[in-house]
Amino acid sequence: KAGVTQTPRYLIKTRGQQVTLSCSPISGHRSVSWYQQTPGQGLQFLFEYFSETQRNKGNFPGRFSGRQFSNSRSEMNVSTLELGDSALYLCASSLARGLERGHTGELFFGEGSRLTVL
Amino acid sequence: AQSVAQPEDQVNVAEGNPLTVKCTYSVSGNPYLFWYVQYPNRGLQFLLKYITGDNLVKGSYGFEAEFNKSQTSFHLKKPSALVSDSALYFCAVSRGFSGGYNKLIFGAGTRLAVHP
């Protein structure tokens, strides 16, 4: 079974631009969560999508947004990029939101999209 | 507010010796606790979890962890370290149903270095 796929793996943008990152979850997984990893702030939860609806949100400004499609694929968008947005963005998928449908709490992470803002 | 503390930035251990990576947590209600490992330029890999039941949980690659409610700790252990265990280890907590199982609060991470 294929794992979580994130594209692109690396990208460089300049301040003020916007970026869209894509995540394809494991087949059959319906929940997609996004995390930001930086040396200073560590791993921080961005948001979670399930059934095309945002179900949970972290403490990030409105410049960070996301969506989920009917096939469970997800995208996140960051507008008006700032230098501090440079980070590894990780997507994680799971079967469900709660402990049902065989979900045991484990998240499956992709390898991430490394964004550098110049 | 929920929080996770990993008091050691780095743990050094000789191959073949036991290892412990410490984690303490603060969360209201029943915690759901996890350990993940990250290798260079890779995503996170699940090691083990505590949801309910036995306080000693066993996971992947010979790792285990003990849930201690009174000390609010969930330390990761392995009886005999391998050089290939060298990586960055993250402890995480969620509030389960009330806060979202998939909304994890991570510790800062502990770099484990196993020397031959």
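In what follows, chains carry the letters A, B, and so on, assigned in the order in which the sequence lines appear, proteins first and then strands, with residues in each chain numbered from 1.
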| message | Is there a side-chain contact (heavy atoms from CB on, under 4.5 Å) between A:Lys13 and A:Leu115? Walk through the geometry before answering. | response | CA-CA 7 Å; A:Lys13 295 285 187 179; A:Leu115 169 66; 4.0 Å; yes
| Does the ring center of B:Tyr89 lie less than 6.0 Å from the ring center of B:Phe63? | yes
| query | Do A:Trp34 and A:Cys23 come within less than 4.5 Å of each other through their side chains, counting heavy atoms only? | reply | yes
| request: Please answer whether the main-chain N or O of A:Leu107 pairs with a side-chain N or O of B:Tyr36 as donor and acceptor at a distance below 3.5 Å. | output: yes
| So, B:Trp35 side chain and B:Phe74 main chain: donor-acceptor pair closer than 3.5 Å or not? | yes
| message | Determine whether a donor-acceptor pair (N or O, by modelled atom type, separation under 3.5 Å) exists between the side chain of B:Thr72 and the backbone of B:Lys69. | response | no
| remark: Checking heavy-atom separations under 4.5 Å from chain A, one finds in residues 104-116 of chain B B:Leu104, B:Phe106
Enumerate, atom names and distances included, each donor-acceptor pair closer than 3.5 Å involving a side-chain atom of residues 42-57 of chain B, sequence neighbours excluded.
from, atom 1, to, atom 2, distance (Å)
B:Arg42, NE, A:Glu111, OE2, 2.5
B:Arg42, NH2, A:Glu111, OE2, 2.9

| query | With a 4.5 Å limit on heavy-atom distance, are the side chains of A:Leu11 and A:Val19 in contact? | reply | yes
| Which members of residues 64-88 of chain A, sorted by number, sit under 4.5 angstrom from chain B on a heavy-atom basis? | A:Leu88
| task | Drop me the distance from B:Ser3's OG to B:Tyr25's OH, to the nearest 0.5 angstrom. | result | 11.0 Å
| query | Is there a side-chain contact between B:Phe67 and B:His75, using heavy atoms and a 4.5 Å cut-off? | reply | no
| said: Suppose a student defines contact as a heavy atom less than 4.5 Å from any heavy atom of chain B. Which residues in residues 36-47 of chain A would they list? | reply: A:Gln37, A:Leu43, A:Phe45
| Is chain B contacted by the side chain of A:Arg55, its backbone, both, or neither, given a heavy-atom distance below 4.5 Å? | neither
| task | Compare all side-chain heavy atoms of A:Pro25 with those of A:Thr5 and state whether any distance is below 4.5 angstrom. | result | no
| said: Would you say that A:Arg30 contacts A:Ser51 through its side chain, given a criterion of any heavy-atom pair below 4.5 Å between the two side chains? | reply: yes
| Which residue, A:Ser93, A:Ser94, A:Ser33, forms the side chain to side chain donor-acceptor pair (under 3.5 Å) with B:Asn102? | A:Ser94
